[in-house]
Amino acid sequence: CFIDYNAVTITYNPEKGVEEPMTILDYIKEVALKLDHIKDSPSAYKNVRYIENMIRKKFKAKYFSELPISEKKEFEQMTAQR
């Protein structure tokens with residue numbers, strides 16, 4: 001089984017109030033770590049940060065901004081066709 005940690009999806013960013021392209025790392029940073037039940041619990045926050053760092057190091061996960069321009073353009077083309 002292969003999990004693509006750099007897969008991009010359009011995800012609602014509650015802080016900005018808009019949908020935007022995100023990888024799993026973007027979701028962790030922009031959504032999960034800002035949820036009250038995670039940010040208010042030191043152990044939960046620490047665990048989510050550990051997961052973030054682990055998938056970044058072990059699986060070479062990237063933030064959307066770190067993806068190659070060619071991959072960003074491919075995603076934009078795919079979403080524009082909808």
Side-chain angles (χ1 to χ4, degrees):
C1 179
F2 175 75
I3 298 172
D4 184 356
Y5 289 97
N6 294 323
V8 180
T9 60
I10 297 292
T11 306
Y12 181 74
N13 183 330
E15 189 169 84
K16 294 180 182 176
V18 298
E19 291 182 334
E20 59 187 17
M22 290 188 188
T23 64
I24 187 71
L25 288 182
D26 293 300
Y27 180 83
I28 290 170
K29 179 181 174 185
E30 299 295 330
V31 181
L33 288 171
K34 295 177 182 178
L35 295 171
D36 288 341
H37 66 280
I38 292 177
K39 70 179 181 182
D40 293 343
S41 168
S43 62
Y45 190 87
K46 182 180 176 181
N47 287 339
V48 174
R49 289 294 307 214
Y50 171 80
I51 292 166
E52 177 186 25
N53 290 324
M54 187 266 306
I55 64 172
R56 186 166 175 81
K57 291 176 184 171
K58 187 172 182 178
F59 300 106
K60 309 291 188 244
K62 297 178 182 179
Y63 294 96
F64 182 76
S65 63
E66 297 174 323
L67 294 176
I69 293 172
S70 60
E71 289 182 30
K72 290 179 192 176
K73 285 184 179 181
E74 181 181 343
F75 178 76
E76 290 169 3
Q77 290 173 346
M78 287 174 51
T79 56
Q81 294 175 358
R82 293 183 153 195

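- Once rounded to the nearest 0.5 Å, the distance linking CG of Asn13 with NZ of Lys29 reads 11.0 Å.
- Nearest heavy-atom pair across Val31 and Pro14 is CG2-CD, 3.9 Å.
- Residue pairs meeting the ring pair (Phe, Tyr, Trp, His ring centres under 6.0 Å) criterion with at least one partner in residues 33-63, sequence neighbours excluded, are Tyr5-Phe59.
- Here Ile3 contributes atom CD1 and Ile24 contributes atom CD1; the two are 9.5 Å apart, rounded to the nearest 0.5 Å.
- For the pair Leu25 and Glu52, the minimum side-chain heavy-atom distance is below 4.5 Å.
- Listed by chain and residue number, nothing satisfies the ring pair (Phe, Tyr, Trp, His ring centres under 6.0 Å) test with Tyr27 (two or more places apart in sequence, or in another chain).
- Considering every non-hydrogen atom in both Leu67 and Asn6, the closest pair reads CD2-CB, 4.0 Å.
- By the side-chain contact (heavy atoms from CB on, under 4.5 Å) test, Pro21 is found to be paired with Val8, Ile10, Phe64, Phe75, residues two or more places apart in sequence or in another chain being considered.
- The salt bridge (charged side-chain N to carboxylate O under 4.0 Å, His left out) pairs that include a residue from residues 17-27 are Lys16-Glu20, where partners are two or more places apart or lie in different chains.
- Pairs of residues two or more places apart, or lying in two chains, that qualify as side chain to side chain donor-acceptor pair (under 3.5 Å) and include a residue from residues 64-73 are Arg56-Glu66.
- Applying the salt bridge (Lys or Arg N to Asp or Glu O under 4.0 Å) rule to Lys34 yields the partners Glu15, Glu30; only residues at least two apart in sequence or on another chain are considered.
- Pairing each heavy atom of Arg49 with each of Leu33, the nearest pair is CD-CD1, 3.6 Å.
- Here OG of Ser41 is found 12.0 Å from CG of Asp36. Values are rounded to the nearest 0.5 Å.
- The distance from the NZ atom of Lys46 to the CD1 atom of Ile51 is 13.0 Å, given to the nearest 0.5 Å.
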